[in-house]
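Residue numbers run from 1 in the order of the sequence given.
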Amino acid sequence: MRADFFSSYEFFTGVPDSQLKPFCNYLMSEYGISDKHIIAANEGNCVALAAGYHFATGKVPVVYLQNSGIGNIINPVASLMNDKVYSVPCIFLVGYRGEPGVHDEPQHIYQGMVTVKLLEDMDIATFVVSKDTTEEELSAKHEQFKELLAKGKQVAFVFRKGALQFDGKVEYKNENKMVREDIIRTIAEHTGEDVIVSTTGKASRELFEIREARGEGHERDFLTVGSMGHASSIAFEIAKQKPNRRVWCIDGDGAALMHLGAMAVVGANAPANMIHIIINNSAHETVGGMPTVAGSIDFCTVAKGCGYKNTVCVDSFEALCEALENAKSKAELSLIEVKCSIGARDDLGRPTTTAKENKENFMKFLED
């Protein structure tokens, strides 16, 4: 299916996904970030933006997301969009990760099993699109769905891998010089036997490979392979329960933005043994490189306002090393924002241990 199939619609908002990368690239090529296209902080945020658009214009919005984000839309769809409440028509375009029978990463397996059921349980009529779906089939379903949209209902097109195509080229880059893998390697050199909780995506994959290259075990690291935006909360509660251990959280800008309220909870409790690092490349790089709004966010000011005691933003390895050692010397909640380039090795691997093995080895390390 061509990525411009939905070009007749005038407002798009979403959280980028690798399965939807051709569509996301089409939107960036056609509209960039504009009145017609907003990349939101999380999928629930998308639903609210879509509702506001409909209230102001009477038109139908289009929301795109990975199926992992369905949980974030359940509340606003059920309590805001549903035709028993405000009756807001909306088209959802959903990337189908973890589709049954298709190999995928562990965090996607169960989500894939329940994707269609969750959508249908929310009274969202659903159509699964594959690379074999014809334009005629898609057009016929779209016409059928228009009748539901006219009644204030929501519909979803769920896209299997390879179902979307876009031949245009979009380049994602920034002016930062520090490479994320080198940043994480530097962090690992300074943390010693401390605990690290790393966020989902390439950050955890890079941390795993760095340990392998150094001949180190992985028991000190909790690799948050899913649950985008929740690594800092996991790290906070570990720090609270283990006050004699220093806990580092390696976060990403997209993840931090997705559930920014977590910083308020962490800051209000101010665990003295936690150091929160946000690696900021202002991009959803793991799923393609589309931008976040983090390029215009001052995370240090946000963290200060939330109650973090010690905050600093760095853009060089010399400054990073100084910040890491300074944070270690202080018994107070710290935040280090690291400005980062976009990009990773093409041959970057994935953890060779299972999620359960990671959890069990990590818990044993905490006990010891």
| request: Heavy atoms only: give me the nearest Ser130-Ala163 pair and the separation to one decimal. | output: C-CB, 3.7 Å
| note | CG of Asp194 to CD1 of Ile275, rounded to nearest 0.5 Å, is 7.0 Å
| query | So Phe208 and His218, would you call those rings parallel, tilted or perpendicular, with 30° and 60° as cut-offs? | reply | parallel
| query | Ignoring hydrogens and geometry, is there a side-chain-to-backbone donor-acceptor pair from Glu10 to Lys36 under 3.5 Å? | reply | no
| said: Once rounded to the nearest 0.5 Å, what's the spacing between atom CG of Leu65 and atom CD of Gln19? | reply: 12.0 Å
| task | Please say which of Ile278, Thr199, Ile184, Ile183 ends up in a side-chain contact (heavy atoms from CB on, under 4.5 Å) with Ile250. | result | Ile184
| query | Are the side chain of Arg220 and the backbone N or O of Gly192 linked by a donor-acceptor pair below 3.5 Å? | reply | yes
| Note, Cys90 side chain near His54 side chain (heavy atom, < 4.5 Å) | no
| field | Test log, rule side chain to side chain contact (heavy atoms under 4.5 Å, CB included), inputs His276 and Met263 | value | CA-CA 9 Å; His276 189 178; Met263 288 181 66; 4.2 Å; yes
| Which pair of heavy atoms, one from Leu20 and one from Leu93, lies closest together, and at what distance? | CD1-O, 3.5 Å
| request: Compare all side-chain heavy atoms of Cys321 with those of Thr186 and state whether any distance is below 4.5 angstrom. | output: yes
| Is the number of heavy atoms from other residues, nucleotides or ligands within 6.0 Å of OH (Tyr110) greater than 12? | no
| Which one of Leu207, Ile196, Val197 satisfies the side-chain contact (heavy atoms from CB on, under 4.5 Å) criterion with Leu223? | Leu207
| Where is the tightest heavy-atom contact between Asn42 and Val15, given as atom of each residue plus distance? | C-CG2, 3.7 Å
| request: Indicate yes or no: at least one non-hydrogen side-chain atom of Lys339 is less than 4.5 angstrom from one of Met178. | output: no
| query | Does Val155 reach the side chain of Leu149, with side-chain heavy atoms less than 4.5 Å apart? | reply | yes
| With sequence neighbours left out, which residue pairs that include part of residues 296-322 fulfil the salt bridge (Lys or Arg N to Asp or Glu O under 4.0 Å) condition? | none
| task | Taking Glu120 for its side chain and Thr126 for its backbone only, find out whether a donor-acceptor pair lies under 3.5 Å. | result | no
| Do Arg180 side-chain atoms and Cys340 backbone N/O form a donor-acceptor pair below 3.5 Å? | no
| task | Taking atom CD of Glu175 as the centre, report whether more than 12 heavy atoms of other residues, nucleotides or ligands fall under 6.0 Å from it. | result | no
| said: Could you tell me if the side chain of Met28 sits less than 4.5 Å from the side chain of Pro291, heavy atoms only? | reply: yes
| field | Side-chain donor or acceptor of Ser139 paired with backbone N/O of Glu135 under 3.5 Å | value | yes
| request: May I have the step-by-step check of side chain to side chain contact (heavy atoms under 4.5 Å, CB included) for Asn72 and His259, ending in yes or no? | output: CA-CA 10 Å; Asn72 285 336; His259 295 294; 3.8 Å; yes
| query | In terms of side-chain geometry, is the basic nitrogen of Lys153 or Asp123 positioned less than 4.0 Å from the acidic oxygen of its partner? | reply | yes
| field | Check: Asp253/Thr292 side-chain N/O donor and acceptor closer than 3.5 Å | value | yes
| request: State whether Tyr26 and Arg2 meet the cation-pi test: NZ (Lys) or CZ (Arg) under 6.0 Å from the six-membered ring centroid, and within 45° of the perpendicular axis. | output: no
| Derivation and outcome, side chain to side chain contact (heavy atoms under 4.5 Å, CB included), residues Ile73 and Met122 | CA-CA 10 Å; Ile73 73 169; Met122 289 190 292; 4.2 Å; yes
| field | Gap between atom SG of Cys24 and atom NE2 of His284 - 0.5 Å precision | value | 9.5 Å
| request: Please report the C-alpha distance between Phe12 and Tyr31 in whole Å, then the side-chain angles of each, then the deciding distance to 0.1 Å, and finally whether the ring pair (Phe, Tyr, Trp, His ring centres under 6.0 Å) criterion is met. | output: CA-CA 10 Å; Phe12 305 86; Tyr31 305 118; 5.8 Å; yes
| query | Quick check: does any side chain N or O of Asn361 sit under 3.5 Å from a backbone N or O of Glu219, one acting as donor and the other as acceptor? | reply | no
| request: Specify whether Tyr53 and Phe11 have parallel, tilted or perpendicular ring planes, treating 30° as the upper limit for parallel and 60° as the lower limit for perpendicular. | output: parallel
| request: Check whether any side-chain heavy atom of Asp221 sits under 4.5 Å from a side-chain heavy atom of Ser198, and report yes or no. | output: no
| Thr200 backbone acceptor or donor facing Ser204 side chain under 3.5 Å | no
| With Tyr172, which residues qualify under ring pair (Phe, Tyr, Trp, His ring centres under 6.0 Å), at least two apart? | none
| task | Assess the side chains of Arg160 and Thr133: does a donor N or O sit below 3.5 Å from an acceptor N or O? | result | no
| Trace of the side-chain hydrogen bond (donor to acceptor under 3.5 Å, both in side chains) decision for Gln111 with Gln107 | CA-CA 8 Å; Gln111 182 69 61; Gln107 66 268 30; over 6 Å; no
| request: Classify the ring geometry between Phe159 and Phe6 as parallel (under 30°), tilted (30 to 60°) or perpendicular (over 60°). | output: perpendicular
| task | Assert yes or no for the condition that the ring centre distance of Phe5 to Phe157 is strictly below 6.0 Å. | result | no
| note | CG (Leu260) and SG (Cys306) are apart, to the nearest 0.5 Å, by 6.5 Å
| said: Can a donor-acceptor pair be found, under 3.5 Å and without considering hydrogens, that links the side chain of Asn358 to the backbone of Thr353? | reply: no
| query | Side chains of Val195 and Phe362: closer than 4.5 Å at any heavy-atom pair? | reply | yes
| Do you know which two heavy atoms are closest between Asp368 and Arg245, and how far apart they sit? | C-NH2, 3.6 Å
| remark: Between Ile38 and Tyr64, the two heavy atoms sitting closest are O-OH, 4.5 Å
| field | Side chain to side chain, Asn67 and Glu99, heavy atoms closer than 4.5 Å | value | no
| query | Could Arg185 and Glu181 be called an ion pair, given the rule that one side-chain N must be under 4.0 Å from one carboxylate O? | reply | yes
| note | Separation between CZ (Phe222) and NZ (Lys359), nearest 0.5 Å, reads 9.0 Å
| side chain to side chain contact (heavy atoms under 4.5 Å, CB included) between Asn326 and Val312: does it pass, once the steps are laid out? | CA-CA 10 Å; Asn326 183 53; Val312 63; over 6 Å; no
| task | Evaluate ring pair (Phe, Tyr, Trp, His ring centres under 6.0 Å) for His37 paired with Phe23, printing each intermediate quantity in order. | result | CA-CA 12 Å; His37 177 222; Phe23 180 72; 8.2 Å; no
| said: Between Glu367 and Lys364 (salt bridge meaning N to carboxylate O under 4.0 Å), is one present in this structure? | reply: no
| message | I'd like to know if the side chain of Asn280 reaches the main chain of Glu337, judged simply by a donor and an acceptor atom lying under 3.5 Å from each other, with no hydrogens or angles considered. | response | no
| Got a sec: does the CZ of Phe317 have more than 12 other heavy atoms crowding it under 6.0 Å? | yes
| message | To the closest 0.5 Å, what do you measure between CZ (Arg345) and CZ (Arg205)? | response | 9.0 Å
| request: Say whether, by atom type as modelled, one donor and one acceptor occur between the side chain of Asn273 and the main chain of Lys242 under 3.5 angstrom. | output: yes
| request: Specify the closest pair of heavy atoms between Ala48 and Leu80, including all atoms of both residues, with the distance to one decimal. | output: CA-CD2, 4.4 Å
